[in-house]
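Residue numbering restarts at 1 for every chain, and letters A, B, ... go by the order of the sequence lines.
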There are 2 protein chains.
Amino acid sequence: MDILIPNPNTIDTVQAKTRQRLLDAAGEVFAEQGFHKATVREICNRAGANVAAINYHFRDKQGLYTSVLQYAHQCSADKYPPYNGSNARVEEQLKLFARSFLLRIFDEGRPAWHGKLMSREMIEPTTALDALVENNIRPIANQLESLVGEYLGQGASKQLIILCARSIVAQCVFYHHARPVISRLYPNQQYNLEEVELLADHITRFSLGALKEFKKQLKAVKK
Amino acid sequence: MDILIPNPNTIDTVQAKTRQRLLDAAGEVFAEQGFHKATVREICNRAGANVAAINYHFRDKQGLYTSVLQYAHQCSADKYPPYNGSNARVEEQLKLFARSFLLRIFDEGRPAWHGKLMSREMIEPTTALDALVENNIRPIANQLESLVGEYLGQGASKQLIILCARSIVAQCVFYHHARPVISRLYPNQQYNLEEVELLADHITRFSLGALKEFKKQLKAVKK
DNA sequence: AATTGTATAAAACGGCTGTTTTAATGTCAA
DNA sequence: TTGACATTAAAACAGCCGTTTTATACAATT
């Protein structure tokens, strides 16, 4: 057996990054295999860590998964902030919202875990989903709802606002969750940046058209 | 035991009974738990069969899953034949389309397996998906697109029609694929027949409002 | 220099999994 | 009845799983 004498310059970094390497490796494996099929041994193997590392750093496999889910969401949110146009007009903000959503979905890099992990949560929700919804998704939902509410004006009921917000989000996530079907129905469908721009534009126009009509009806009722 | 049907091949009948119970039980469990979390012991338990029954009738767990997928597809196709409201107005047909879609999604019975199993195919597509898209999904997509095209009129490009059709379908399937998140965001959300009616009504109004706006813009361009 | 706390390593532990083996049961044909 | 065959049942198997235990090495503190 070799007893490697570690370089004192790298000891701190190696130790400090074991947790991080586990998160990265687990993100890969969980996204590829799903929670139950993924094994702690494979995760530790890819991370170059001992089998006990997961239990030491994350209590258990479930704890690791929860952390990975939040980590992936954080990566995604960091790379694609919801939007930064709080001063812009509602129409502009809606388009920023859609584009940000689509960019997240079409990303091929590390945040791609986020999409796959979320899809798996939709099919087999774990306890990790509860925290994710409260900490990450609800703020975004509230943001969109207040945006829709602002556009529709005072006459709009809370229920109508919620339904419209859902209709908007639905168009965005559709391209993620139905991608295998879309690819088969329309083989020419591209997934590049230009396409994101085109889709964001359509979703915005479609949704604003719908909202405009609702607003008109609300005005008619008011009179 | 009564044998009402004078089938001379009683061996096959008895075999088919256990086989059938296994398919039903496995459909439940696979849909609830997913392939890996589901255990053959629980399936056999629900089916009132011995643990070895799966290996006897379906070779192994994977063979059972494949059979369940085909069986669930058959059930869904039987219960929800392709709708035909070709005589109604476009607005009415759109609402019929949305309601039909939502009813399938909110179905708690046997066809619910189909939806959940389909969701798994979205994450890890198998060869079964190709046939499913061509035989079942493409006809529905074409139907909706011709509906949208009819409403928008001659000026609408093929691309615009496709995008609008997707926006409509997206709103329907959203309630299927994002249900775990919706349930957590809005715990009061119901999933009964009245709710289906309400949602179908909203989706129709939202989409028609959007289409109306597109139509108006198309007219303006034409002038 | 001794102690404490943190991080990693190797090995083993129960437990559960899918599957197989072996035996028993029931059914039909000769 | 007898023999052959299909099906069910009980038990055991081998393997993998997540987790724990135990021991060691290192860093910082006293």
**OP:** Check the distance between D/dT20's P and A/Asp60's CG and give it to me in whole angstrom.
**Re:** 8 Å
Original post:
When the distance from CZ of A/Arg59 to P of C/dA7 is rounded to whole Å, what number comes out?
Top reply: 18 Å
Subject >> Cation over ring face, A/Arg19 and A/Tyr56, 6.0 Å, 45° >> reply: no
Original post:
B/Leu22 has an atom CG; how far is it from atom P of C/dT19, in whole Å?
Top reply: 13 Å
Original post:
Where the side chain of B/His57 is concerned, which of D/dT8, D/dA12, D/dC17 is the nearest nucleotide?
Top reply: D/dT8
**OP:** Check whether NZ of the Lys or CZ of the Arg B/Arg166 lies under 6.0 Å from the centre of the six-membered ring of A/Tyr186 and within 45 degrees of that ring's axis.
**Re:** yes
**OP:** Output yes when A/Arg46 and A/Glu32 qualify as a salt bridge under the 4.0 Å nitrogen-oxygen rule, no when they do not.
**Re:** yes
Original post:
Can you tell me how far CG of B/Leu22 sits from CG of B/Leu64, rounded to the nearest 0.5 angstrom?
Top reply: 6.5 Å
Original post:
Given atom CZ of B/Arg21 and atom C1' of D/dT8, what is their separation to the nearest angstrom?
Top reply: 11 Å
Subject >> Close approaches to DNA chain D from residues 30-40 of chain B, in residue order (heavy atom, under 4.0 Å) >> reply: none
Original post:
Hey, are B/Tyr71 and B/Gln20 close enough side-chain-wise for a donor-acceptor pair under 3.5 Å?
Top reply: yes
Original post:
Looking only at side chains, do A/Glu195 and A/Gln189 share a donor and an acceptor under 3.5 Å apart?
Top reply: yes
Subject >> Whole-Å gap separating C1' (D/dC13) and CG (B/Asn55) >> reply: 13 Å
Original post:
How is A/Ala52 classified with respect to the nucleic acid when contacts are heavy atoms under 4.0 Å: base, sugar-phosphate, or nothing?
Top reply: base
Original post:
Starting at CZ of B/Arg41 and ending at P of C/dT19, how long is that distance when rounded to a whole Å?
Top reply: 11 Å
Subject >> Length of the NZ-P vector between A/Lys61 and D/dC17, whole Å >> reply: 9 Å
Original post:
Nearest nucleotide by nearest heavy atom, which residue falls closer to the 5' end of DNA chain C, A/Tyr56 or B/Asn50?
Top reply: A/Tyr56
Original post:
If you check the B/Thr18 side chain, which of C/dT8, D/dT8, C/dA12 turns out closest?
Top reply: D/dT8
Subject >> Listed partners of B/Asn45 passing side chain to side chain contact (heavy atoms under 4.5 Å, CB included), at least two apart >> reply: none
**OP:** Report the distance from atom CD1 of A/Ile54 to atom P of C/dA7, rounded to the nearest whole Å.
**Re:** 16 Å
